[in-house]
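Let me begin by presenting the structure, written as structure tokens, before commenting on it.
For the single chain, residues carry numbers from 1 onward in sequence order. Counting starts at 1 for both ligands and their atoms, in listed order.
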Amino acid sequence: MQEILEVLDRKRAEARLGGGQKRIDAQHAKGKLTARERIELLLDPNSFEEFDMFVEHRGTEFGMEKTKTPGDGVVTGWGTVNGRLVYVFAKDFTVFGGSLSEAHARKITKLQDMALQNRAPIIGLFDAGGARIQEGVDALGGYGEVFQRNVLASGVIPQISVIMGPCAGGDVYSPAMTDFIFMVQGTSYMFVTGPDVVKTVTNETVTAEELGGASVHTTKSSIADKAFANDVEALLQMRRLIDFLPSSNMAELPVIPGFHDAEATDESLDTLIPANPNQPYDMKELILKTADGGDFFEIQEAHAKNIICGFARMKGRTVGIVANQPMVLAGVLDSDAGRKGARFVRFCDCFNIPIITFVDVPGFLPGTAQEYGGLIKHGAKLLYAYAEATVPKITVITRKAYGGAYVVMASKHLRGDLNYAWPTAEIAVMGSKGAAEIIYRAELSDKDKIATREADYKARFANPFVAAERGFLDDVIMPHSTRRRIARALDMLKAKRLENPWKKHDNIPL
Ligand code: HXC
């Protein structure tokens, strides 16, 4: 009997070694953890239960029948993060470079099916070379099965991808269909085709870092939502993110009780807006002073910095925050900001996370670069996302809310539930100077006259009261009471029920 038990121990020890000690050492030498070490760090201690540890591939081409490794390059299972259920798979780069065989794909799809059926987030840790080249179409079919499940789970359970090594081919397309992609600086890359293929096809010479490193994907392409310094930081931050997210679109928002007084006022906000309307200020100060404990998990921090998106908590419950950032391009909306904001708003709406919007926006960015780049369609994405969202929407206009951008940023007209403005707000079709110069074009040569016209326009519209008179604002509030008013509004809206007309699915301008 003892011998039989020992067989299991021996088989498990063999599986845990993956591609062998030499490859594990090579993984460590590159500054990367192994698949199992990563899972240990991500999950609560001793909570991981592994599935399919003894699964092997069935490939027979290119001598593959002689090279079988239990587990076949991916570790799958479930565990908890601060007590809450999550499913996790981690690609094991020490086994055929983490490449995906038919058997490997089945392990992942089994986990995807469980996560969807049992309504809990699924987290993929990627470090892999794409389709198992020796398996051909069996591997390609495996990816297809994974992709299909990514799509079915989209909007039902949170799906998170963490890129922790080189990722090519199918190992970038599956992450691309999940809700968030995170990367590790210096050791992770994402590309559909690597530098060698690029050289052959386009004759460009690029390094892996230049083609698909974290710096590229968090700034230029915006494929990645954030990058972390190393594996340990990335995994600990994933624990922090999971704490913000509900387990599914039917689950309650997590509540993290704290000692944060929602009735407290913050007098320093009364002087946040500079006297000069063209002088910027940091919108993050308002966000941090509004959120419980100043805890803010920012998404796409390095991309389209003119709009800020991220998760925070109010009275312990998760909220999504979207804010214009006057420090960058005066907070203008451009194509990148439109796309970034829209995707975040839609995530929040999928998962019933209330949205708080802080507005200081001078309009949409003019120019050929923007128009040729599709500003109309990208700006419309944000407009569409806000308009379709049925979650509680609370808006605070701190300063400028000009033109179409006023409408887009969760205005009353897009079913904003509570729309507030600070006394410093200016709600108009455009700034006073531009307005005077258009309405009184004939007087342009007379500088004094135009200055008077500008002053008149400013006196009439550079305030929140015209909008308040029409009921487009629910109240004009003191800056110091912002946190208190938002917290109360969220309480009031807790049981909000709003449904859009039935449809198969919508047709957002992609
Ligand atoms: C089988 C693979 C493999 C693959 C790597 N290996 N990729 N085995 N299939 N796709 C193996 C290597 O043979 C090697 O085995 C080990 O993994 C480590 O690989 P190295 O090349 O030594 O590592 P490194 O120098 O770090 O380079 C990593 C890499 C590179 C950038 C991922 O291996 C690479 O370019 N691989 C191929 C990528 C690719 O083109 N994949 C197919 C994509 S097509 P040993 O035994 O030496 O340890 C695809 C189609 C799906 O995915 C599309 C769906 C839409």
Residue, atom name and distance, where the atom is the protein heavy atom closest to atom 50 (C) of ligand 1
L140 CD2, 3.5 Å
Hey, is atom 35 (O) of ligand 1 touched by any protein heavy atom at less than 4.0 Å?
no
Could any protein non-hydrogen atom be found less than 4.0 Å from atom 13 (O) of ligand 1?
no
On a heavy-atom basis, I'd like to know which of G129, G20, A168 is closest to atom 42 (C) of ligand 1.
G129
Which residue and atom name correspond to the protein heavy atom nearest atom 53 (C) of ligand 1, and how close is it?
G170 N, 3.8 Å
Check for me whether Y189 has a heavy atom closer than 4.0 Å to any atom of ligand 1.
no
Hey, could you give me the CD1/NZ distance between I307 and K305, rounded to the nearest 0.5 Å?
15.0 Å
Test of ring centre spacing under 6.0 Å for F244 and F296:
no
Ligand 1 versus S99, non-hydrogen atoms closer than 4.0 Å: side chain, backbone, both, neither?
side chain
Establish, yes or no, whether a centroid distance under 6.0 Å links the rings of F51 and Y87.
no
Under-4.0 Å heavy-atom contact between protein and atom 21 (O) of ligand 1
no
Polar contacts were defined as any N/O atom of the residue lying under 3.5 Å from an N/O atom of the ligand; does this apply to F147 and ligand 1?
no
Nitrogen or oxygen atoms of R23 and ligand 1 under 3.5 Å apart
yes
May I ask you to check whether H413 and Y406 place their ring centers less than 6.0 Å from one another?
yes
Taking 4.0 Å as the limit for heavy-atom contacts, which would you say applies to L100 with ligand 1: side chain only, backbone only, both, or neither?
neither
Could you tell me whether E40 atom CD has more than 12 heavy atoms of other residues or ligands within 6.0 Å of it?
no
Apply the test side chain to side chain contact (heavy atoms under 4.5 Å, CB included) to residues R346 and I508: give CA-CA distance (whole Å), side-chain angles for both, the deciding distance (0.1 Å), then the verdict.
CA-CA 11 Å; R346 294 192 103 212; I508 188 166; 3.6 Å; yes
One residue to check: K22. Relative to ligand 1, which of side chain, backbone, both or neither has a non-hydrogen atom less than 4.0 Å away?
neither
Nearest protein heavy atom to atom 10 (N) of ligand 1: under 4.0 Å?
yes
Do any nitrogen or oxygen atoms of A131 come within less than 3.5 Å of a nitrogen or oxygen of ligand 1?
yes
Hydrogens and angles aside, do E388 and N500 bring a side-chain donor and acceptor to less than 3.5 Å of each other?
no
Please determine whether the number of non-hydrogen atoms from other residues, nucleotides or ligands lying under 6.0 Å from atom CG of D25 exceeds 12.
yes
Does atom CZ (R12) have a neighbourhood of more than 12 heavy atoms from anything else shown, all under 6.0 Å?
no
Is there a protein heavy atom at a distance of less than 4.0 Å from atom 30 (C) of ligand 1?
no
Ranked by distance from atom 16 (C) of ligand 1, the top protein heavy atom is G97 N, 3.8 Å
